[in-house]
Amino acid sequence: MNSHQQNAIAIRIPALLVHFVIRQNQFQIGVGKLFAWLALLLVGLSAAIVFVRYGFHSGSIALQETILYIHAIFFMMGMAYTLQQDGHVRVDVFYSRLSAKRKAMIDLFGSIVFALPSMIFILWIGWDYVHDSWAIQEASAEAGGLPFLYLLKSFMLIMAGLMLLQILAMISLAFCQIFYPQNPKVIALVASQQHQREEPF
Amino acid sequence: MEWLALLLFAMVFIALMIGFPVALTLAGMSLLFALASDQFGWFDMAFLNSIPNRLFSIMTNPTLMAVPLFVFMGILLEKSKLAEQLLTTLDEVMRGFRGGLGFSVILVGTLLAASTGIVGATVVTMGLLALPTMLKQGYCPKLATGTICAAGTLGQIIPPSIILILLGDVLSSAYQQAQLNQGIFSPETLSVGDLFIGALFPGMLLVVGYMTYVFAMALFKPETVPAANNIASTPGLLGRILQSLLPPLALILLVLGSILGGFATPTEAASLGALGAIFLAAFRQRLSLTILQEVMQGTLKITSMIFLIFIGAAFFSLTFRGLGGDDLIHQFLTDLPGGVFTAVFLVMLVLFIMGFFLDFIEITYIIVPVVAPVLLMMGVDPIWLGIMIAINLQTAFLTPPFGFALFYLKGVAPNSISTLTIYKGVLPFILIQLFVLILLAIWPQIATWLPAII
């Protein structure tokens, strides 16, 4: 391989990674914006259930389970989006004082050592669990409950899959920040990523 | 091999300090530790086989449904500029008294705590609106910053608060477990509602404590608190008072009243509160598609953040148990000289110190599940324990050097206010917190009598 080819690869790698990160981020943001609407649905339905319960003295197990499903799907689908938005709480006593490069190194380390294995583990160990549930088309244990427990359980795998994708994007971004800090595409991407981190509480 | 459990704890703690997201660090570190211990035959990976089961019970826990609903309500009320309006009107009412603005800040903090419950937003809003005015009027900067920080953290203890929901969830399963271990097979239950009701009086006690302090300063150190301001109020004050106070009061009454009256569970009350907040925002013409989307996305992020910590904590607690950590802690706490008193004291001390570094969510899901069953088996009242822990964790928000409230205020305070001023300012309020904790330790009835009669 001559130096010209090496040079070409050195340019291709960050370009490809940046492309992947941008597409991935757009995808996660789309998922987040879509599933955020479930918040409003959750408020509406759970308020409705109170009125039905006290107004008509009747409760519906199917309706209650629907709300529980919406709640679970809401946050399971939001986890990777929240990671993309850097919304998962960090102990930032030291982290907040570090340079951008040091932060990228911590993100690279944490993604590979902590995040990746735990999500792969959930996928691996959850696979049989969800598979067994599908095999019997598992339904609610309650009389009058929803017959879709196997669908609800599948969101474990969907969550882990979305997280995996987002973690790969984090790794790519951190890799670019560390090894190609001068690349104009990387600089532009990092600049566009400056989220205003808001403290939740 | 029980020392391995302590090593796990230490390594998780160190790993958290590097600043990677807490939930994933918890999960990853515990998993790696479990895999390594399994290699040496010190751990049985079968313990982690129940991860899918744990995940499923997190997904289907009806108690935790109150979390997104209250978060939704809180963010929407914040975006409706509730705080701003309350502060300006109350200031006008109270300006006839020495220290009026100080009292207003505490009152607004209390009202916001009972409605939005978001510490950061409350401290920032009051820091932007009240602090410059307080300094201009001649309040001692220490008193002004301390009052704002302390009033802001009330959101953690005055119901409805997220911390009480999470504590209620953890303590109720700890209580069941403790009673089953004692051979009680028809165990008594603990609900989030019990904790909400139990927190009312201790919360009020803190408010009274803060006010007494400001009052005492006005009395004995009048140079730190400016005299009454005799500017006549502009006409139409009564109308503005009603307009700014009534809607949030009605909302608070709806949410807390329905829980206190036993009409609704906290989750049901939360859904009514969230619906009420939508009406309130619409009434104030603060409801637009943009705001609604901001609120929904904010709710999604905070809820997902909290629930991912539950998943991380499940990895930790299963590994910790598999290594014999639970037994170790049980042995240690029951063998302490001085019995229950020393055990509770030690746990409170550890929680307080942990509060310097970790969020209340991690503390609630890492440490409380390990220590609470032991303390409850020793005969400690679950409501009392919950309130003690909640006040303790609330104090952590105020405690230098890492208290969140202090960061929030420093971020918006004028440059003339140094970090040290804020540290010194919150000191008396931390003492008030400790004082209330001691009162609660001597008279647990402060927390337990109201839940007992409702």
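Each chain gets a letter, A, B and so on, in the order the sequences are listed, and its residues count up from 1. Just the heavy atoms: all of them, side chains too, but no hydrogens, waters or symmetry mates, feed the values below. Since we're looking at a predicted model, the values are computed, not measured.
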Closest non-hydrogen atom pair, [X] against [Y]:
| X | Y | value |
| --- | --- | --- |
| Ser111(A) | Phe20(B) | N-CZ, 3.4 Å |
| Leu300(B) | Phe74(A) | CD1-O, 3.2 Å |
| Met59(B) | Leu152(A) | CE-O, 3.3 Å |
| Leu68(A) | Pro62(B) | CD1-CA, 3.9 Å |
| Ala27(B) | Ser118(A) | CB-CB, 3.7 Å |
| Arg90(A) | Gly19(B) | NH1-O, 3.0 Å |

When heavy-atom pairs shorter than 4.5 Å are enumerated against chain A, which of [options] gives the highest number?
| options | result |
| --- | --- |
| Ile75(B), Leu272(B), Ile18(B), Thr267(B) | Ile18(B) |
| Pro52(B), Ser30(B), Ala15(B) | Pro52(B) |
| Asn53(B), Val67(B), Leu35(B), Val123(B) | Asn53(B) |

Relative to chain A, which segment of [X] carries a heavy atom at a distance below 4.5 Å: side chain, backbone, both, or neither?
| X | result |
| --- | --- |
| Pro68(B) | side chain |
| Leu48(B) | both |
| Ile51(B) | side chain |
| Leu26(B) | neither |
| Leu32(B) | side chain |
| Leu275(B) | both |
| Phe56(B) | both |
| Ile309(B) | side chain |
| Leu308(B) | both |

Atom [atom1] of [X] with >12 non-hydrogen neighbours under 6.0 angstrom:
| X | atom1 | result |
| --- | --- | --- |
| Met105(A) | CE | no |
| Lys185(A) | NZ | no |
| Met45(B) | CE | yes |

Out of [options], which one racks up the most heavy-atom pairs below 4.5 Å with chain B?
| options | result |
| --- | --- |
| Val91(A), Val113(A), Ile167(A) | Val91(A) |
| Ala39(A), Gly32(A), Ser46(A) | Ser46(A) |
| Tyr95(A), Phe114(A), Phe155(A), Phe94(A) | Phe114(A) |
| Ala72(A), Gly44(A), Ala48(A) | Ala72(A) |

When rounded to the nearest 0.5 angstrom, what distance separates [atom1] in [X] from [atom2] in [Y]?
| X | Y | atom1 | atom2 | result |
| --- | --- | --- | --- | --- |
| Met65(B) | Ile70(A) | CE | CD1 | 9.0 Å |
| Leu149(A) | Thr60(B) | CG | OG1 | 8.0 Å |
| Gln84(A) | Lys301(B) | CD | NZ | 9.0 Å |
| Met305(B) | Gln85(A) | CE | CD | 13.5 Å |
| Ser271(B) | Phe51(A) | OG | CZ | 8.0 Å |
| Gln297(B) | Thr82(A) | CD | OG1 | 10.5 Å |

>> Under the rule for ring-ring contact (aromatic ring centres under 6.0 Å, His included), what residues qualify as partners of Phe307(B), not counting sequence neighbours?
In response: His71(A), Phe75(A), Phe310(B)

>> Strictly by side-chain hydrogen bond (donor to acceptor under 3.5 Å, both in side chains), give each pair with a member in residues 161-180 of chain A just once, sequence neighbours left out.
In response: Gln24(A)-Gln166(A)

Relative to chain B, which segment of [X] carries a heavy atom at a distance below 4.5 Å: side chain, backbone, both, or neither?
| X | answer |
| --- | --- |
| Leu38(A) | neither |
| Tyr69(A) | neither |
| Lys103(A) | neither |
| Met77(A) | neither |

Does any non-hydrogen side-chain atom of [Y] lie less than 4.5 Å from one of [X]?
| X | Y | result |
| --- | --- | --- |
| Gln293(B) | Trp37(A) | yes |
| Leu55(B) | Met76(A) | yes |
| Leu24(B) | His88(A) | no |

